*Asks:* 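Quick one: structure below, then a few questions.
Everything numeric in this text was worked out from a predicted model, so none of it was measured.
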Amino acid sequence: MLLKKIVVIGPESTGKSTLCEELAAHYHTAWCPEYAREYLTEHGTNYNFDDLLTIARGQIALEEKYSMMYEGRRAKGKGQTSDISFINNQSLLFIDTDMYVLKVWCEFVFGKCHQWIIDQIVSRKYDLYLLCNTDLPWVSDELREYPDLESREKLFHIYKDIMINQNTAWVEISGNYDERLKVAIGAVEKVF
């Protein structure tokens, strides 16, 4: 059994967490949440450049925790239980955010990025990216910073440029929540 990692990325308030949760429910599997939400809720939103490195390390640790959970199930021979979905003998892990998001965040806010984050981008491998567009209505919460459509679209185009210039398969996700889920499921089924 091979663990396949599907990363959901895009600007804030584009439905990334919702899509991860819906995909995990559809495939009867787990999803790895965005560590930044936990960190900023605990430490506040007055973050600095070094905090983003701490968040990046926390995101990797969280992803590794979820990956190890699947490896542990496989080693115990529990891979075919009802809480793990398989497509062609592959288990799926949906991940809300990766190091591309941290790189964009660092550069957008501070104009530079930690080398450790860049090294992680080079060394970590994923199987599919789902890039969420900005066509959902903005939903305000205490952790979000860019309610204006201009900033959100600028960030979306930065992410799209990254996707175009990397080698992993990716699909743009847009439309309402139901349409997004349908497109995402289609992308997962096509790739796997």
*Asks:* Would you tell me whether Q59 and D98 have side-chain atoms, one donor and one acceptor, within less than 3.5 Å of each other?
*Replies:* no
*Asks:* Passes side chain to side chain contact (heavy atoms under 4.5 Å, CB included), T97 versus V7? Steps please.
*Replies:* CA-CA 6 Å; T97 299; V7 180; over 6 Å; no
*Asks:* Scan Y100, F94, W170, Y159 and name whichever one has a ring-ring contact (aromatic ring centres under 6.0 Å, His included) with Y129.
*Replies:* Y100
*Asks:* Kindly give the heavy-atom pair with the smallest separation between Y35 and I55, and that separation in Å.
*Replies:* CD2-O, 3.5 Å
*Asks:* For atom CD of Q115, is the number of surrounding heavy atoms from other residues, nucleotides or ligands below 6.0 Å larger than 12?
*Replies:* yes
*Asks:* Are there more than 12 heavy atoms of other residues, nucleotides or ligands under 6.0 Å from atom CG of N165?
*Replies:* yes
*Asks:* Can R124 and E64 be counted as an ion pair, charged N to O under 4.0 angstrom?
*Replies:* yes
*Asks:* Quick one, W138 and L149 - any side-chain contact, counting heavy atoms below 4.5 Å?
*Replies:* no
*Asks:* Using only atom types and a distance under 3.5 Å, with no angle test, would you say the side chain of D127 pairs donor to acceptor with the backbone of I6?
*Replies:* no
*Asks:* What I want to find out is whether E34 reaches K16 closely enough, with some N-O distance under 4.0 Å, to be called a salt bridge.
*Replies:* no
*Asks:* Strictly distance-based, threshold 3.5 Å: is any side-chain N or O of T29 a donor or acceptor partner for the main-chain N or O of A24?
*Replies:* no
*Asks:* Pairs in or reaching into residues 174-185: which pass side chain to side chain donor-acceptor pair (under 3.5 Å), with residues at least two apart or in two chains?
*Replies:* D135-R180
*Asks:* Parallel, tilted or perpendicular: which describes the rings of F110 and F49, with under 30° parallel and over 60° perpendicular?
*Replies:* perpendicular
*Asks:* Are E107 and K103 close enough for a salt bridge, meaning some N to O gap below 4.0 Å?
*Replies:* yes
*Asks:* Quick one, M163 and I9 - any side-chain contact, counting heavy atoms below 4.5 Å?
*Replies:* yes
*Asks:* For the residue pair Y126 and E63, confirm or rule out a side-chain donor-acceptor distance under 3.5 Å.
*Replies:* yes
*Asks:* Looking only at side chains, do D148 and S151 share a donor and an acceptor under 3.5 Å apart?
*Replies:* yes
*Asks:* Just to verify, what does Y47 make a side-chain hydrogen bond (donor to acceptor under 3.5 Å, both in side chains) with, not counting sequence neighbours?
*Replies:* W105, E145
